[in-house]
Structure formats: C-alpha cells, structure tokens
Amino acid sequence: MTAPLESGAPAGPRTGGPRRRRVRSGARLRGGAPLPLLVPALIGLVFLVLPLVALLIRAPWPSMPELLTSTEVWQALRLSLICATAATVVSMVIGVPLAWLLARVEFPGRGLVRALVTLPLVLPPVVGGVALLMALGRNGVVGQWLDSWFGITLPFTTTGVILAEAFVAMPFLVISVEGTLRAADPRYEEAATTLGASRFTAFRRVTLPLIAPGIAAGAVLAWARALGEFGATITFAGNFPGRTQTMPLAVYLALQSDPQAAIALSLVLLAVSIAVLAGLRDRWMTTS
C-alpha cells in the first residue's frame, strides 16, 4: 500500500506524487545571458538603433514646422498617402483571391506560383521598375498595345506610381492572408457549401470574417511598404513634383540640396513606420 498523499498536494498522473509545475512556453531563462551571446546582441541593437537616434539628434527641431509646411512637402506627402492607399486597395482586390487560391486549391506548379508571387520581396526594387517598364512601357510587351489600342500610357504618371507600389507591396498582403487562411479551419466553408451556399458565398460570408485580422495586418504592411517605395517608383514613374514625386523621392532630392529638409521628411516617414509597427504589435501580432 502506498502512503496517503498530504493534504493539498495534487496527485501526479502515474506516481501519485505532487505534479510538476508546467513550464510556460517563452519562459525566461534564469541566471542571465551568457557573455558570448550578450555582447553581439548588444552590438546588433546599437547597430540598428544608432542611425535612428542620430536622425533624432540632428533633426532641425526649431525649423521643423516651417520645413513640413512647405508646398513641396505637402504635395509629396499628399501624393504618397493617395498612391499608397490606392496601391493597397489594388493589392487587396487581386491579392486576397490569389492568397485564397494558394491556400485552398491544389494545382500543379503551386509551389512555383508561390515563389513567383513572393519574388518581389527579394527582387531589387530598381529591377522591379525595369521589369515594369519592359512590360507596361510604351514599347513594352503589354504597354505597346495599351498605347496603340486605348491610348493609355502608364510610365511617368501617377497611375504608374500606384502600379509600382502595388508590385512591391502586394506580396506582403498575400503572405499574411495565405498564412491566416492556412490556420483557419476549412470545415466551416465546407459546412456552408453543404447547406447550399455557393463557393463564393461561403468565401464572402464565412471565410472573409474569419481571416479579417490577417487581411487587416497584410493591408497595413502593404500600405507601409508602398509608402516607403523608392526604387521601382523612380525607375517606372520618374520624379516629377506634384505628379510622381512621393515622400521617399522628395527625401532623395532634398538630400542633394537641403539636408535639413531631408531629415525632416525622413522623420515623417519614421513616425509613420513606428505607428504601423506599434499598431500591428498591439492588435494582430501579439502571441500568448
């Protein structure tokens, strides 16, 4: 016979002894960080934070209101907000169905399609701009027909800015939505179809509400990426004030003639980026 358990001691599953306290995932290691890991970690932190701190130190704070209220700055900021928002809408309209296709439909070459969709993430933006020119320019593969048949010219226009930003930003939304779709239970969609709903109705009434946080997170990431796009924009759309000159292009131009204005514009983009990351962390990227 075994000795009775002491009062208040929970029994274990096999031995009858006290249960071991379950260690939570993500629990901190005791005893501090080892020096070979602590030193490079601190160096990496300084390497990433120091340029941002230097930007804040060298910022012309007394003349900041005057710099940020100039006509050129407001034109660039207004154009950046409009184009980034439009590029995000374009990315959502065609990117969410693409993410659903990659997550829910089995077809030959799906891995290759996924690789092509995510290629703009690693492709140099200037190369993306050149590719857009070869495809949609006046002498491009598709652009020549748009010009001759419909009189539509996309390069060096505001529409060209939107297309360039959508090209580099849409993969962020596709990846986010596809990951959310893979985590969502497909049985809800199957149940809706067995009750008589069409596949599109099931997608609209069941799937979209389930993946709404993923769509929102992907849209914010795409918007932030579109707002900061430089290489593809200047290659495909040019740098014309009031028409194609966005905030990153204005920073580049101001850096050559007025470094103080370039710092002020950079701080605006930095503030937007911090706000986006803070919003994502608080709403959609917290883990328990």
Side-chain angles (χ1 to χ4, degrees), residues 75-76 78-103 105 107-178 218-219 221-256 269:
Q75 283 182 347
R78 176 177 172 275
L79 185 65
S80 294
L81 295 176
I82 292 175
C83 291
T85 303
T88 304
V89 173
V90 171
S91 299
M92 292 178 65
V93 170
I94 61 180
V96 173
L98 178 57
W100 181 88
L101 182 70
L102 293 175
V105 180
F107 58 90
R110 186 171 65 167
L112 177 60
V113 173
R114 183 180 292 110
L116 293 175
V117 169
T118 57
L119 186 60
L121 291 175
V122 297
L123 194 69
V126 175
V127 178
V130 173
L132 287 172
L133 275 177
M134 297 300 102
L136 302 176
R138 288 185 176 181
N139 297 320
V141 176
V142 178
Q144 59 180 338
W145 305 113
L146 292 177
D147 189 18
S148 61
W149 289 356
F150 306 103
I152 297 176
T153 302
L154 296 176
F156 309 109
T157 62
T158 304
T159 304
V161 176
I162 296 172
L163 293 177
E165 291 180 352
F167 178 77
V168 300
M170 191 173 68
F172 289 89
L173 184 137
V174 173
I175 289 176
S176 177
V177 176
E178 184 188 358
L221 285 174
W223 185 85
R225 179 65 184 89
L227 187 68
E229 169 51 31
F230 175 81
T233 303
I234 196 173
T235 307
F236 183 63
N239 186 14
F240 301 100
R243 188 172 66 181
T244 64
Q245 186 181 90
T246 57
M247 286 286 284
L249 274 64
V251 171
Y252 175 76
L253 187 65
L255 189 61
Q256 302 176 21
L269 293 176

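Keep in mind that this is a model prediction, so the values were computed, not measured. The figures that follow rest on heavy atoms only: side chains count, while hydrogens, waters and symmetry mates do not.
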query: Does a side-chain heavy-atom distance below 4.5 Å link Phe236 with Leu154?
result: yes

message: Is it the case that the side chain of Ser91 and the backbone of Ala87 share a donor-acceptor pair, with hydrogens and angles ignored and the cut-off at 3.5 Å?
response: yes

message: Under 3.5 Å, is there a donor on one side chain and an acceptor on the other for Gln144 and Asn139?
response: no

- prompt: Less than 4.5 Å apart, any side-chain heavy atom of Thr159 and any of Ile152?
  reply: no

message: For Val161 versus Ala237, what's the shortest heavy-atom pair and its separation?
response: CG2-CB, 3.5 Å

field: Note, Glu229 side chain near Thr246 side chain (heavy atom, < 4.5 Å)
entry: no

field: Student check: side-chain heavy atoms of Phe167 and Thr233 closer than 4.5 Å
entry: no

- prompt: Are the side chain of Arg110 and the backbone N or O of Leu102 linked by a donor-acceptor pair below 3.5 Å?
  reply: yes

- prompt: Is there a side chain to side chain contact (heavy atoms under 4.5 Å, CB included) between Leu101 and Val113 once you walk through the steps?
  reply: CA-CA 10 Å; Leu101 182 70; Val113 173; 5.9 Å; no

task: Test Leu227 against Leu269 for side chain to side chain contact (heavy atoms under 4.5 Å, CB included), laying out the working first.
output: CA-CA 8 Å; Leu227 187 68; Leu269 293 176; 4.2 Å; yes

query: Is the backbone of Ala250 close enough, under 3.5 Å, to the side chain of Gln245 for a donor and an acceptor to pair up by distance?
result: no

- request: Let me see the working for Phe230 and Val126 under side chain to side chain contact (heavy atoms under 4.5 Å, CB included), right down to the final yes or no.
  value: CA-CA 8 Å; Phe230 175 81; Val126 175; over 6 Å; no

